[in-house]
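Take a look at the structure below.
Just so you know, residue 1 is the first one in the sequence shown, and it goes up from there. Atoms within each ligand, like the ligands themselves, are counted from 1 in listed order. Just so we're clear, the structure is a prediction, and the values are computed from it rather than from any experiment.
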Amino acid sequence: MPIGQGFDIHRLAAGRPCILGGVTLPFEKGPLGHSDGDPLLHALCDAILGAAGQGDIGERFPDTDPRWHGTASAVFVTEAVRLAAAAGWSVENADLTVLAERPKLAPHKAAIRGTVARLLGIPEGRVNVKAKTLEGLGPIGAGEAIAALAVVSLAPARSPDPASPH
Ligand code: MG
């Protein structure tokens with residue numbers, strides 16, 4: 001079964017909404033980006049595209065394209081799932097890790113897990129969300145940036161015709 005990995009990092013800026021895994025967290029800073037800047041969904045998107053042999057998020061959704069300005073990153077994940085399905089694959093599971101000093105993720109892991117599971121169309125039990133601090137080290141440890149890692153596995157697509165409307 002194919003697996004893919006993704007990584008992303010975004011600078012944190014005051015006044016930006018803190019959107020992580022499609023969930024808006026209460027925090028005074030948020031990830032900068034051309035889209036909503038959600039590093040967790042960007043890493044997830046790259047993991048799906050990687051597993052399906054479909055390139056990367058920068059090729060698919062270039063940040064020079066005004067269509068993606070301010071876009072909710074859920075759109076990218078949905079499109080990556082569609083591209084994987086068109087290539088004959090569905091997402092089997094996702095294992096996600098957030099690297100952040102703040103905000104504390106523990107109170108929000110369940111909401112992120114549920115949101116990602118709904119985006120992928122799989123049971124919550126197949127989505128895992130982990131969080132780590134960097135022990136104060138480097139720009140992430142200093143609270144200047146937030147990063148994410150994602151690993152995804154694929155299985156043969158459940159639908160025989162992924163192009164059919166549903
Ligand atoms: Mg990104």
Side-chain angles (χ1 to χ4, degrees), residues 2-85 87 89 91 93-105 108-109 111-122 127-134 137-154:
I3 60 168
Q5 57 93 20
F7 167 79
D8 198 23
I9 184 167
H10 281 244
R11 189 181 295 275
L12 285 167
R16 287 273 296 184
C18 191
I19 301 172
L20 204 60
V23 175
T24 303
L25 310 186
F27 191 50
E28 68 270 18
K29 296 194 281 189
L32 269 179
H34 181 69
S35 65
D36 65 9
D38 185 333
L40 186 53
L41 292 191
H42 293 183
L44 173 62
C45 186
D46 260 353
I48 296 166
L49 293 172
Q54 296 295 311
D56 69 33
I57 192 170
E59 296 168 10
R60 295 288 180 178
F61 312 105
D63 62 8
T64 51
D65 188 333
R67 266 186 304 169
W68 311 123
H69 181 71
T71 296
S73 296
V75 169
F76 304 151
V77 174
T78 299
E79 178 64 6
V81 168
R82 192 192 66 76
L83 288 163
W89 300 104
V91 175
N93 83 302
D95 187 20
L96 310 172
T97 303
V98 177
L99 308 174
E101 208 69 17
R102 292 175 64 222
K104 291 298 173 200
L105 269 291
H108 309 293
K109 280 180 179 174
I112 293 171
R113 185 185 205 185
T115 298
V116 170
R118 280 191 295 280
L119 267 178
L120 297 177
I122 60 178
V127 176
N128 193 67
V129 178
K130 308 194 293 292
K132 300 194 75 66
T133 72
L134 266 70
L137 295 167
I140 295 172
E144 297 166 5
I146 191 163
L149 304 160
V151 174
V152 157
S153 70
L154 302 179

Q.
Donor-acceptor pair, distance only, cut-off 3.5 Å: does the side chain of N128 make one with the backbone of D95?
A. no
Q: Spell out, as yes or no, whether a donor-acceptor pair under 3.5 Å connects the side chain of E101 to the backbone of L134.
A: yes
Q) Is there a donor-acceptor contact under 3.5 Å from the side chain of D46 to the main chain of I57? A) yes
Q | Polar protein atoms near the Mg ion (ligand 1) [N, O or S; cut-off under 2.8 Å] | A | D8 OD2, H10 NE2, H42 ND1
Q: Examine distances only and state if a side-chain atom of T71 and a backbone atom of S73 form a donor-acceptor pair shorter than 3.5 Å.
A: no
**Q.** N/O donor-acceptor pair under 3.5 Å between H42 side chain and F76 backbone
**A.** no
Q: Name the orientation class of the two ring planes belonging to W68 and F61 (parallel below 30°, tilted from 30 to 60°, perpendicular beyond 60°).
A: perpendicular
